[in-house]
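This report refers to the structure that appears directly beneath it.
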Number of protein chains: 2
Amino acid sequence: MKLGHRDIPSEACRTVGDVLGQIGNKWSILVMVLLSQRPWTFNALRREIDVITQKMLTSTLRGLERDGYVDRTVLPGSVVQVEYRLTELGHDVLTPMNALADFAVDRRDDVIAARAAYDAG
Amino acid sequence: MKLGHRDIPSEACRTVGDVLGQIGNKWSILVMVLLSQRPWTFNALRREIDVITQKMLTSTLRGLERDGYVDRTVLPGSVVQVEYRLTELGHDVLTPMNALADFAVDRRDDVIAARAAYDAG
DNA sequence: CAGTTTCATCAAAGTGCCTTCTTGTCGCCC
DNA sequence: GGGCGACAAGAAGGCACTTTGATGAAACTG
């Protein structure tokens with residue numbers, strides 16, 4: 001989300017926007033969904049999300065870690081491995097996000113139909 | 001939300017991202033919250049959201065209208081006036097969005113604390 | 001005619017996520 | 001030494017939202 005420099009005159013809306021600025025990013029939702037299953041190492045995530053670049057995965061994970069949704073642990077071993085897991089905060093935000101996902105899937109056709117109608121008019 | 005050109009390998013996540021790409025924009029939530037109260041004319045919205053530019057308000061409303069969250073009606077009168085109201089789809093998406101808002105407000109301090117800790121580490 | 005109101009739109013610059021390409025560090029192995 | 005795996009990060013370009021500044025169209029009024 002691009003913030004610009006005019007403040008939204010509503011504290012609550014600003015706060016929602018702040019949350020969405022992080023978890024609304026392109027790769028964040030998928031990453032969090034995977035992490036909600038179990039802890040994943042960086043490389044496992046990268047292999048699972050085949051098409052994501054290292055760069056974007058690193059960036060996404062770092063953003064989620066910074067806001068407290070994800071914990072990062074360096075695993076002891078001969079080869080450096082890093083494990084990520086959802087925090088309690090991360091689990092908690094998935095409740096409304098799952099509700100939103102339900103909406104998105106249930107009403108996908110409505111949105112598409114609305115677009116077609118708008119673009120035709 | 002910036003989509004780039006690599007597809008997210010999850011239909012559901014893509015669909016959520018699609019919804020958020022519209023309602024997650026900077027001004028959309030506030031506009032929808034106001035519209036959930038009652039129908040508003042363009043100018044009323046503009047005056048209420050004091051700091052928003054005509055340009056952004058127009059753009060935001062057009063996007064919401066295109067995706068079917070908002071209906072636009074030209075009012076008969078001597079001076080052109082346009083009225084916007086939430087559709088059923090618009091009302092329905094506010095249910096998960098309000099849940100997200102609750103999360104955002106309830107856990108605001110957690111997010112802020114996490115950032116401070118991350119930035120200090 | 002000029003001014004006002006309402007709403008839409010154009011041009012250009014600012015901003016930050018996304019992508020591509022590349023490099024770097026660490027530990028281990030041959 | 002070179003190569004590998006794992007993970008992080010820099011530079012540069014792409015792209016669309018956001019902002020700034022301005023213009024335009026329609027109807028009405030003095």
Side-chain angles (χ1 to χ4, degrees), chain A residues 1-9 13-14 17-18 20-31 39-67 70 72-84 118 121, chain B residues 1-9 13-14 17-18 20-31 39-67 70 72-84 118 121:
Chain A
M1 182 192 307
K2 210 150 304 317
L3 295 182
H5 46 265
R6 292 181 176 221
D7 272 355
I8 300 172
C13 289
R14 225 170 25 245
D18 188 42
L20 282 178
Q22 181 54 63
I23 62 177
N25 289 347
K26 177 173 177 180
W27 298 104
S28 297
I29 302 170
L30 178 56
V31 166
W40 291 69
T41 60
F42 181 94
N43 216 32
L45 284 170
R46 194 169 66 91
R47 284 209 220 84
E48 180 69 22
I49 316 172
D50 191 26
V51 292
I52 197 172
T53 62
Q54 271 175 232
K55 174 90 174 188
M56 281 316 302
L57 184 54
T58 300
S59 173
T60 298
L61 286 166
R62 186 166 58 179
L64 292 175
E65 185 193 356
R66 182 170 179 272
D67 279 14
V70 163
R72 174 181 182 276
T73 309
V74 180
L75 297 183
S78 56
V79 171
V80 168
Q81 290 203 308
V82 182
E83 183 184 76
Y84 293 90
Y118 183 90
Chain B
M1 182 194 308
K2 204 153 307 316
L3 295 181
H5 47 265
R6 291 181 178 225
D7 274 352
I8 300 172
C13 289
R14 229 170 21 246
D18 189 42
L20 282 180
Q22 181 57 61
I23 62 176
N25 289 347
K26 177 173 177 177
W27 296 105
S28 298
I29 300 171
L30 179 56
V31 167
W40 291 68
T41 59
F42 181 96
N43 217 30
L45 283 170
R46 192 170 67 90
R47 283 207 220 87
E48 181 68 22
I49 316 175
D50 194 26
V51 293
I52 196 170
T53 61
Q54 274 177 224
K55 173 93 176 188
M56 281 316 303
L57 184 54
T58 299
S59 174
T60 298
L61 286 166
R62 186 166 59 182
L64 292 174
E65 186 193 356
R66 180 167 181 274
D67 278 12
V70 163
R72 176 181 180 276
T73 308
V74 180
L75 297 184
S78 55
V79 171
V80 168
Q81 289 202 307
V82 182
E83 182 184 78
Y84 294 90
Y118 183 91

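Computed over heavy atoms, backbone and side chain alike; hydrogens, waters and symmetry mates excluded. Below, chains carry the letters A, B, ... as their sequence lines are ordered, and counting in each starts from 1.
Here the CG-CE distance, from A:Leu20 to B:Met1, works out to 9.0 Å after rounding to the nearest 0.5 Å. In this structure, CG in A:Leu45 is found 8.0 Å from CZ in A:Phe42, a value given to the nearest 0.5 Å.
For the OP1/OP2 pair of C:dA8 and a distance below 4.0 Å, the side-chain nitrogens and oxygens of B:Thr58 include at least one atom meeting the criterion. Proximity of B:Arg6 to the phosphate of C:dC17: no side-chain N or O atom is located under 4.0 Å from OP1 or OP2.
Atoms CG (A:Leu57) and C1' (C:dT19) sit 14 Å apart, rounded to a whole Å. Note: CE (B:Met1) to P (C:dT19) measures 12 Å, nearest angstrom. Atom CG in A:Asn25 sits about 15 Å away from atom C1' in C:dT19, given to the nearest Å. One atom, CZ of A:Arg66, and another, C1' of C:dG16, lie 14 Å apart when rounded to the nearest Å. Between the P atom of C:dT15 and the NZ atom of B:Lys26 lies a distance of 12 Å, rounded to the nearest Å. Rounded to an integer number of Å, the gap from B:Leu61 CG to C:dT9 P is 12 Å. In this structure, A:Leu75 places its CG atom 16 Å from P of C:dG27, rounding to the nearest Å. Atom NE2 of B:His5 and atom C1' of C:dT20 are 8 Å apart (whole Å).
In this structure, A:Arg62 reaches the sugar-phosphate backbone alone: every heavy-atom distance under 4.0 Å involves primed, P, OP1 or OP2 atoms, never a base.
Side chain of B:Arg72 to backbone of B:Tyr84: no donor-acceptor contact under 3.5 angstrom is found. Counting only distance, with no hydrogens or angles, the side chain of A:Arg66 and the backbone of B:Tyr118 share no donor-acceptor pair below 3.5 Å.
For the pair A:Ile52 and A:Val80, both in contact range of DNA chain C, the more 5′-proximal nearest nucleotide belongs to A:Ile52. If you find the closest nucleotide of DNA chain C to A:Lys2 and to B:Gln54, the one lying nearer the 5' end belongs to B:Gln54.
Each of A:Lys2, A:Arg6, A:Arg14 was scored for a side-chain contact (heavy atoms from CB on, under 4.5 Å) with B:Lys26, with one residue passing: A:Arg6.
Side-chain contact check for A:Ile49 versus A:Val31: some heavy-atom pair is nearer than 4.5 Å.
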Determine all donor-acceptor pairs shorter than 3.5 Å in which one atom belongs to a side chain in residues 55-65 of chain B; sequence neighbours excluded.
from    : atom 1 : to      : atom 2 : distance (Å)
B:Thr58 : OG1    : B:Gln54 : O      : 2.8
B:Thr60 : OG1    : B:Met56 : O      : 2.7

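Taking the C1' atoms of five terminal pairs at each end of the helix from C:dC1-D:dG30 to C:dC30-D:dG1, the two resulting helix axes are inclined by 30°, rounded to 10°.
Close approach of DNA chain D to chain A, defined as any atom under 4.0 Å from a non-hydrogen atom of the protein, starts and stops at D:dA6 to D:dT20.
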